[in-house]
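Each remark here refers to the structure printed beneath this line.
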Amino acid sequence: DKATQEKLAQGERLMEVLKQPQYKPMSVGDQVIVLFAAVNQLLLDLPTAKVHDFVVAFLDFLAINEITLSADIERAGVLAQGYGCVQAFMAPYAEKLGLEGTASIFFLVYGAVVLVSRPMTGKVMDTRGENIIIYPSLLILLCGLLLMAYAQSAWTFLLSAALIGGGFGNFQSTTQIISVKVVPRARFAQATASFFILLDLGIGFGPYIFGNVIPLAGYSGLFLSLSAATLAAIPLYHVLHGRKAGPRVVEECAGEGSPL
């Protein structure tokens, strides 16, 4: 029947997009883009033999037109997974530690730190660029996740909330500005929408992916693995953007007509 034929056709196209040249694998971001297209049946109208050529041409089009979907996926997705795990597993972890009362104010502390710190980091970023915020934010987030992995008391649990808020909260706001900085003014809306879509994907898939660590290494092992992912995000950010970052983010955006 028609439904079965469509499933078979979709499977053939999935096989095509999964094929990669030897010694030249796709980036994680590019793989997410092409798999999204294949899974959502956006390639069904293409002959199977033309799928690979279309994928190559489409990714080239994104690069030539400075549409930074791939970089946004890799930049935002890695740490969003960590925050998603904090949201999903903080309460059961606190219950295991006997800190149920402390867990009830965890995100209150997180939100307070974000609220207080963002205006200050915004002013610093305006004058000294994004790197002066991003690198310390990643290190602060790393410390927060490590502290959470070894938390045994209420004060260490809440201190980890403050560190995670200062780290991820400022990383998120800064990378949002970066996402519009690297595209022309006409693509600000697409860049912002892409950023938040991919951020939400990371938050959603993080618990599903890293949750498999809990049966093997417990909650402490989970947060240690998230710490390792955060540590890996530092060179990843440097390669994708940090080494090319300019000194004055807001002024550069304003020069393109940004409302900032």
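Predicted, not measured: the structure shown is a model, and the values here were computed from it.
- For the pair S117 and N170, the tightest heavy-atom approach, listed with the atom from each and the gap, is OG-ND2, 3.0 Å.
- Here the side chains of I164 and L141 are in contact, with some heavy-atom distance below 4.5 Å.
- Hydrophobic clustering (side-chain heavy atoms under 4.5 Å, transitive across Ile, Leu, Val, Met, Phe, Trp, Tyr) groups F196 together with I203.
- No more than 12 heavy-atom neighbours from other residues, nucleotides or ligands sit within 6.0 angstrom of CD on E95.
- Side-chain N or O atoms of S220 include one that pairs as donor or acceptor with a backbone N or O of A149 at under 3.5 Å.
- At a threshold of 4.5 Å between non-hydrogen side-chain atoms, the residues L159 and V109 do not count as touching.
- No chain of hydrophobic side-chain contacts below 4.5 Å, direct or via other Ile, Leu, Val, Met, Phe, Trp or Tyr residues, connects M90 to L163.
- A distance of 6.5 Å separates CD1 in I177 from OG in S173, rounded to the nearest 0.5 Å.
- By the criterion of side-chain heavy atoms lying less than 4.5 angstrom apart, applied directly or through intervening Ile, Leu, Val, Met, Phe, Trp or Tyr residues, I140 is not grouped with F157; the two fall into different hydrophobic clusters.
- At least one side-chain heavy atom of Y237 sits less than 4.5 Å from a side-chain heavy atom of N131.
- Judged by distance alone, the side chain of T192 and the main-chain N or O of A189 form no donor-acceptor pair under 3.5 Å.
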For this session: Test side chain to side chain contact (heavy atoms under 4.5 Å, CB included) on V213 and F223 and set out the steps.
Result: CA-CA 9 Å; V213 175; F223 290 108; over 6 Å; no

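- Here the closest non-hydrogen pair linking I133 and P136 is O-CD, 3.5 Å.
- No path of Ile, Leu, Val, Met, Phe, Trp and Tyr side chains, each step under 4.5 Å between heavy atoms, connects V86 with L147, placing them in separate hydrophobic clusters.
- Side chains of Q87 and F106 form no contact here, defined as non-hydrogen atoms less than 4.5 Å apart.
- Residues L99 and Y93 are not in side-chain contact: their nearest non-hydrogen atoms beyond the backbone lie 4.5 Å or more apart.
- Using cut-offs of 30° and 60° on the angle between ring planes, the pair Y219 and F89 is tilted.
- Within the 4.5 Å cutoff, no side-chain heavy atoms of F171 are placed close to those of T121.
- Taking every heavy atom of both residues into account, I132 and G129 meet most closely at CG2-O, 3.1 Å.
- In plain terms, the two heavy atoms of G144 and S160 that are nearest each other are O-CB, 3.4 Å.
- The distance from the CG atom of L139 to the CG atom of L231 is 8.5 Å, given to the nearest 0.5 Å.
- Note: the hydrophobic cluster containing F168 does not contain L158 (ILVMFWY, side chain heavy atoms under 4.5 Å, direct or indirect links).
- Here the closest non-hydrogen pair linking G166 and S137 is O-OG, 4.2 Å.
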